[in-house]
Amino acid sequence: MQQPADEEKNVVLTIFDGTGQKMFSAPKGQRLLDVLRRQGLYISSPCGGRGTCGKCRVELRQGRVLVVGDDNGPDAMCEVGAKVLACRSLLTEDCVVDVSAAQERDFAANADFITMEPGEIESGFETLCFSPTAGVWNAGDSAVENIRRGLARQLTFSPKTLRQLSCWLGETLQNGQAAPAVNQTLFLTVCGDRVVHARTEETAPLYGIGIDLGTTTIALSLVDLATGEVRKTTTLLNSQRQYGADVVTRIQKGSEGLLEELRSCVREDISRGIKELCAAESAAVVRVVIAGNTTMLHLLLGLHADSLGLFPFQPVSIELLELSSTELFEISGLDCDVTLLPAIGAFMGADIVAGMMYCEMEKSISPTLFVDVGTNGELAIGGKDGIICTSTAAGPAFEGANITWGTGSVPGAIARVEMQGGELGFRTIGDAPPVGICGSAVVDIVAVCLREGLLDQTGLFASADLQNNGLKIARNQDDEWIRFTQKDVREFQLAKAAIRSGLELLVREAGCGWTDIGRVYLAGGFGVRIDVANAVAVGLFPAELQDRIQPVGNAALGGTVSYLLSRQRREAVDALERLARIVDLSQHPNFNDLFLAQLQFPAKG
């Protein structure tokens, strides 16, 4: 009997993702990666689905798919047991696919920072106590009018507090009373003259949430605004990563019609993080502060970011924005102000402003250097008399992308490598079996190879075997060698040269030398795990700075928490905007020559 037309055009796809099994219908001939995304399944794809990174590899357990060949090979029909790239695989028949290896579960994002001393807290919120005494409460007036008169302040009320006030009033009058009893006190949390929260217990906590919206990961901290204590911190992978590891790729995806998908990804990620922090207490949150690079904040707001990817790289807005949480998130009980911190430019985002504010750069007397090494390298030098900033397109090598066996900071990622008794030794995140190489280990591997004479100054492996097959680092659970290849060396050289040449130009622009710099703040997860001596050995930093480098953890997240707790730090944001100026490396006449020179590794000393 002939099959109905719609059944002929569809296949049944069964997915194992490490947590269970999912089964659904999908159009025949469609790309597997696109089908998985539409089903809400996260699949690692740092290259944006172009077939170049190899990270979306999945295993066929049943059925066949047509794998589209690259420039070097023809199309091929792959069968059971094959490991194929989801971005190159077209559905041809019913099949069963295991995607667990491509999901980057339990990403170990950096969320550490130093919290403030309790005596320094000035959150900007005050608590007013209202008691409905007989001389104050007039049954003929509204509750709002009674409260204004009783406190002698012309207060305004947010919609959330009006709802809280209605519950309080209903409960106090439910026994037929003409007015609330004197002991039915109401505690109002006020910012300026605006009431943002109402409660009946003075000791009930009030919270703020600080968020670092990163290109790769998102970190959130729940802060008690009375004590300054960070009650809980959570991190999660930015699921936009499945559309590309870097902001340029995501800008391109947005311009190709995926803006709403990118916006939904990050809003759902943040909503999930907030629920993990305080699902039962979301009504007690009175402010959320978000820092992120300019592209991430554009995508969070649903703004077209095309202009950020085209010269002269013009943002829609980089100003501090005050929004309502209901405009961004759909979380039951959460109804508060959301502050998006300002940026300095298209590629010097609010995350860098937050980081510099956290490190108190605007107070520094001697030149201070701030370095955030990631997909984009953001650099700043200066102090109270002025700050010069720049950004450089380091690429995603420092975060494990564009490296053959590269991976993010997941359990099993090789994070440290060293020579032990003539053999390579390694450590993985969580001491789990090795699955790949993360950015800090890339620095270690290159440093070891330079010391052992396995690499020359130009970045060429010393033997034909290493040039063709790469350096063996470790065996994974499938008995495959995790290798560091000649291509990986070249990727690292490009990233290293971008950062170092940016530093060289920044110091020249500041009119100082390396020895004039008092302190180097190294921010981000890469800065926490990096071996500073190895970073100097590969030429990422000059030797003069080795003893002055101070890893500061997640400075952007620390900055958002400082903004919540300190009036001085809130004022520092304005000061940093006034002090900072940007140097555009792409327009600097010496950048290309410096970049080419920094591709080389330092000579063995």
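Just so it is clear, the model here is predicted, and its values are computed rather than measured.
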Completion exercise
Here the gap from M356 atom CE to T368 atom OG1, rounded to the nearest 0.5 Å, amounts to 11.5 Å

Exercise for the section: In sequence, state the C-alpha distance, the side-chain angles, and the governing distance for F398 and L540, and then conclude on side chain to side chain contact (heavy atoms under 4.5 Å, CB included). Expected result: CA-CA 11 Å; F398 288 122; L540 185 60; 4.0 Å; yes

Handout entry: For A305 against H298, the heavy-atom pair lying closest together
Key = CB-CB, 4.3 Å

Handout entry: Quiz item: cation-pi between R548 and F541, 6.0 Å / 45°
Key = no

Practice task
Compare all side-chain heavy atoms of F187 with those of F130 and state whether any distance is below 4.5 angstrom.
Solution key: no

Handout entry: Distance in Å, I270 CD1 paired with C265 SG, rounded so as to fall on 0.5 Å steps
Key = 11.5 Å

Exercise for the section: Please assess V552 against C359 for the test side chain to side chain contact (heavy atoms under 4.5 Å, CB included), listing each intermediate value before the final yes or no. Expected result: CA-CA 8 Å; V552 292; C359 295; 4.2 Å; yes

Practice task
Ignoring hydrogens and angles, tell me if any N or O in the side chain of S501 forms a donor-acceptor pair with the backbone of A497 under 3.5 Å.
Solution key: yes

Exercise for the section: Could you tell me whether a side-chain N or O of R250 sits under 3.5 Å from a main-chain N or O of G244, the two making a donor and an acceptor? Expected result: yes

Exercise for the section: Please tell me if the side chains of S562 and F113 come closer than 4.5 Å, counting only heavy atoms from C-beta onward. Expected result: no

Completion exercise
Separation between CG (L565) and OG1 (T560), nearest 0.5 Å, reads 9.5 Å

Exercise for the section: Return yes if some donor-acceptor pair links the side-chain N/O of Q240 with the main-chain N/O of L262 below 3.5 Å, else return no. Expected result: yes

Exercise for the section: State whether the side chain of K275 and the backbone N or O of I331 hold a donor-acceptor pair below 3.5 Å, judged by distance alone. Expected result: no

Handout entry: L151 side, atom CG; C129 side, atom SG - distance, nearest 0.5 Å
Key = 8.5 Å

Practice task
Mind listing the closest non-hydrogen atom pair of R163 and S166 along with its distance?
Solution key: O-OG, 2.6 Å

Handout entry: Under 3.5 Å side-chain donor-acceptor pair for R529 and S409
Key = yes

Practice task
Determine, step by step, whether T234 and R272 satisfy the side chain to side chain donor-acceptor pair (under 3.5 Å) criterion, reporting the C-alpha distance in whole Å, the side-chain angles of both residues, the deciding distance to 0.1 Å, and the verdict.
Solution key: CA-CA 10 Å; T234 189; R272 188 167 71 253; over 6 Å; no

Practice task
Please tell me if the side chains of P342 and I318 come closer than 4.5 Å, counting only heavy atoms from C-beta onward.
Solution key: no

Exercise for the section: Kindly determine whether E571 and R567 satisfy salt bridge (charged side-chain N to carboxylate O under 4.0 Å, His left out), including the steps that lead there. Expected result: CA-CA 6 Å; E571 292 172 351; R567 176 179 56 82; 3.0 Å; yes

Exercise for the section: Kindly indicate, with the supporting measurements, whether the criterion side chain to side chain contact (heavy atoms under 4.5 Å, CB included) is fulfilled by M296 and V266. Expected result: CA-CA 9 Å; M296 288 300 98; V266 72; 5.6 Å; no

Practice task
Please determine if E362 and R569 form a salt bridge, counting it only when a charged side-chain N lies under 4.0 Å from a carboxylate O.
Solution key: yes

Problem - Any pair counted as side chain to side chain donor-acceptor pair (under 3.5 Å), so long as it reaches residues 308-325, sequence neighbours left out - result: E322-T339, S324-T326

Problem - Spatial distance of atom OG (S586) from atom CZ (F311) [nearest 0.5 Å] - result: 6.5 Å

Problem - Stepwise side chain to side chain contact (heavy atoms under 4.5 Å, CB included) check, R581 with E509 - result: CA-CA 11 Å; R581 69 177 177 91; E509 286 289 322; 3.9 Å; yes

Problem - Minimum heavy-atom distance between A580 and I344, given as atom pair plus value - result: CB-CD1, 3.6 Å

Problem - Heavy-atom donor-acceptor pair, D516 side chain to G513 backbone, under 3.5 Å - result: yes

Practice task
Please confirm whether the backbone N or O of T156 pairs with a side-chain atom of R194, one donor and one acceptor, at under 3.5 Å?
Solution key: no

Handout entry: Contact check, side chains of R199 and L206, non-hydrogen atoms, under 4.5 Å
Key = yes

Exercise for the section: Could you check if a side-chain atom of C512 sits within less than 4.5 angstrom of a side-chain atom of I381, using non-hydrogen atoms only? Expected result: yes

Practice task
Pick out which of T217, T216, D269 makes a side-chain contact (heavy atoms from CB on, under 4.5 Å) with N238.
Solution key: D269

Problem - E281 side chain vs C278 backbone, donor-acceptor pair below 3.5 Å - result: no

Problem - Electrostatic pair R149-E145, nearest N-O below 4.0 angstrom - result: no

Handout entry: Donor + acceptor pair across side chains of N293, T215 (<3.5 Å)
Key = yes

Problem - 4.5 Å side-chain heavy-atom contact, L299 and L259 - result: yes

Exercise for the section: Please say whether more than 12 non-hydrogen atoms of neighbouring residues, nucleotides or ligands are located less than 6.0 Å from CD in E201. Expected result: no

Exercise for the section: Using modelled atom types only, decide if a donor and an acceptor are shared between the side chain of S364 and the backbone of M361 within a distance under 3.5 Å. Expected result: no

Practice task
Determine the minimum heavy-atom distance between F157 and I147, stating which atoms define it.
Solution key: CZ-CG2, 4.0 Å

Problem - Side chains of S264 and E260, donor plus acceptor under 3.5 Å - result: yes

Practice task
Indicate yes or no: at least one non-hydrogen side-chain atom of T390 is less than 4.5 angstrom from one of H588.
Solution key: no

Completion exercise
Here the pair of heavy atoms bringing T249 nearest to R50 is CG2-NH1, 3.8 Å

Problem - Nearest atoms (heavy-atom pairs only) where L188 meets A198 - result: CD2-CB, 3.7 Å

Fill in the blank from the handout: The residue among F591, W514, F595 that forms side-chain contact (heavy atoms from CB on, under 4.5 Å) with E504 is W514

Handout entry: Sidechain-backbone polar pair: K160 side chain, H197 backbone, donor-acceptor under 3.5 Å
Key = no

Handout entry: Main-chain N/O of D306 paired with S255 side-chain donor or acceptor, under 3.5 Å
Key = no

Exercise for the section: For residues S45 and L33, determine if any side-chain heavy atom of one lies less than 4.5 Å from a side-chain heavy atom of the other. Expected result: yes

Exercise for the section: Nearest 0.5 Å please: distance from the OG1 atom of T295 over to the CD1 atom of I251. Expected result: 4.0 Å

